[in-house]
Amino acid sequence: MADSTLDSELFLMYDNWPGYATRGTREVPLGGFTGATHHNYVSAVYGVGEAIWVRNESAGQPGWSKFIYLQIGTQNADSAIAVKSYCVPDSATVWYQLTNDPDSCIKIPTPSGVMALSAMTDAYYGWFWAAGVCPEEYVSTLGGNFTTDGNVAAGPAIFHDGTGDYVNLSVADTAPEMACGFALAADV
């Protein structure tokens with residue numbers, strides 16, 4: 001089936017990442033989650049795996065959103081990571097390294113994925129949307145449509161190998177697939 005889309009307000013991501021997250025907007029990094037002093041940055045400025053829960057109120061769906069600080073491993077040579085790129089584990093030994101390439105990830109489908117907040121560089125560190133409602137209040141460019149495989153129905157969803165050789169959303173349709181989130185409606 002051809003790729004389709006699902007609006008940012010119609011998808012909730014499950015928290016499938018380890019560790020404890022701080023709560024509250026007072027924890028937002030200086031310059032926001034895409035600030036130049038810490039996001040898409042050559043070295044880790046925050047602890048790898050550090051996570052922050054924030055309350056999304058003024059844009060998109062109201063509710064809690066989780067951001068997590070991780071590293072890009074290698075990205076798809078034909079489809080560079082950009083805002084709204086799905087990223088999944090890239091290494092079987094380094095849990096915090098990510099890729100958007102379904103051919104180099106450790107497993108597709110996977111329950112542990114995140115959404116990129118911006119373009120990213122290989123081996124650089126940054127914040128990613130990891131759980132909850134889409135945090136449009138904190139990263140406005142996340143608002144709008146996300147790619148799907150054209151098969152998403154309301155219910156559990158997984159990260160999946162897309163037709164354009166990138167990771168997108170699909171319906172969870174077999175027993176071993178662990179959902180990464182929940183679609184409130186079918187894709188269009």
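All heavy atoms count here, side chains included; hydrogens, waters and symmetry mates do not. For this chain, numbers begin at 1 and follow the sequence in order.
In this structure, CD on E50 lies 14.0 Å from OH on Y125, to the nearest 0.5 angstrom. Atom CH2 of W129 sits about 4.5 Å away from atom SG of C134, to the nearest 0.5 Å. In this structure, L169 CG and F146 CZ are separated by 8.5 Å, a value rounded to the nearest 0.5 Å. Atoms CG and OG, on N76 and S104 in that order, are 7.5 Å from each other to the nearest 0.5 Å. For the atom pair OH of Y46 and CD1 of I52, the computed distance is 6.5 Å after rounding to the nearest 0.5 Å. Separating the OH atom in Y166 from the CG atom in N100 is a distance of 11.0 Å, to the nearest 0.5 Å.
Taking 4.5 Å as the limit, some side-chain heavy atom of I81 sits within range of a side-chain heavy atom of C87. Contact check for L30 versus T37: no side-chain heavy atoms found under the 4.5 Å cut-off. The shortest distance between side-chain heavy atoms of Y138 and S65 does not fall below 4.5 Å. Within the 4.5 Å cutoff, the side chain of L12 has heavy atoms near those of the V133 side chain. With contacts defined as side-chain heavy-atom distances shorter than 4.5 Å, the pair W95/P18 qualifies. Between V28 and V54 the shortest side-chain heavy-atom distance falls below 4.5 Å. In this structure, I72 and Y124 have side chains that are not in contact, with every pair of non-hydrogen atoms separated by 4.5 Å or more. For the pair M115 and F128, the minimum side-chain heavy-atom distance is 4.5 Å or more.
Between N168 and T147, the side chains place no donor N or O within less than 3.5 Å of an acceptor N or O (distance only, hydrogens not considered). Neither side chain, E136 nor N56, offers a donor N or O lying under 3.5 Å from an acceptor on the other. Looking at T74 and D101, their side chains never bring a donor and an acceptor atom within 3.5 Å of each other. Using modelled atom types, one finds no donor on one side chain facing an acceptor on the other under 3.5 Å when comparing S4 with D187.
Minimum heavy-atom separation, W17 to A130: CD1-CB, 4.0 Å. Residues Q97 and S91 approach most closely at OE1-CB, 4.0 Å, considering heavy atoms. Here the shortest heavy-atom pairing between A185 and L10 reads CB-CD1, 4.0 Å. Counting all heavy atoms, side chain and backbone alike, Q71 lies closest to A123 at NE2-O, 2.9 Å. Nearest heavy atoms, T34 versus L117: CG2-CB, 3.7 Å. Annotation for A82 and A116: closest pair O-CB, 3.4 Å, computed over non-hydrogen atoms.
For the side-chain hydrogen bond (donor to acceptor under 3.5 Å, both in side chains) with S170, the lone residue among D161, T148, D149 that qualifies is D149.
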Inset, instruction - Would you please test V139 and W127 for side chain to side chain contact (heavy atoms under 4.5 Å, CB included) and show each step? - result: CA-CA 11 Å; V139 184; W127 291 100; over 6 Å; no
Inset, instruction - Take Y69 and V45 through the side chain to side chain contact (heavy atoms under 4.5 Å, CB included) test and state the conclusion after the steps. - result: CA-CA 9 Å; Y69 200 71; V45 176; 3.9 Å; yes
Inset, instruction - Apply side chain to side chain contact (heavy atoms under 4.5 Å, CB included) to the pair C105 and K107, showing each step before the final yes or no. - result: CA-CA 6 Å; C105 77; K107 182 181 179 189; 5.6 Å; no
Legend entry - Evaluation steps, side chain to side chain contact (heavy atoms under 4.5 Å, CB included), between L142 and K84: CA-CA 6 Å; L142 288 177; K84 298 184 184 179; 4.2 Å; yes
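Ring pair W53/W64 is perpendicular by interplanar angle, where above 60° counts as perpendicular and below 30° as parallel.
I106 and L70 are assigned to two separate hydrophobic clusters, defined by single-linkage of ILVMFWY side chains at heavy-atom distances under 4.5 Å. A chain of hydrophobic side-chain contacts below 4.5 Å, direct or via other Ile, Leu, Val, Met, Phe, Trp or Tyr residues, connects L184 to Y14. Hydrophobic cluster membership is shared by L98 and V94, with clusters built from Ile, Leu, Val, Met, Phe, Trp and Tyr side chains linked at under 4.5 angstrom.
Dense packing is recorded around CZ of F182, with more than 12 heavy atoms of other residues, nucleotides or ligands lying under 6.0 Å away.
Not one N or O on the side chain of Q75 forms a donor-acceptor pair closer than 3.5 Å with the backbone of A80. Side-chain atoms of H39 do not come within 3.5 Å of backbone N or O of M120 as any donor-acceptor pair.
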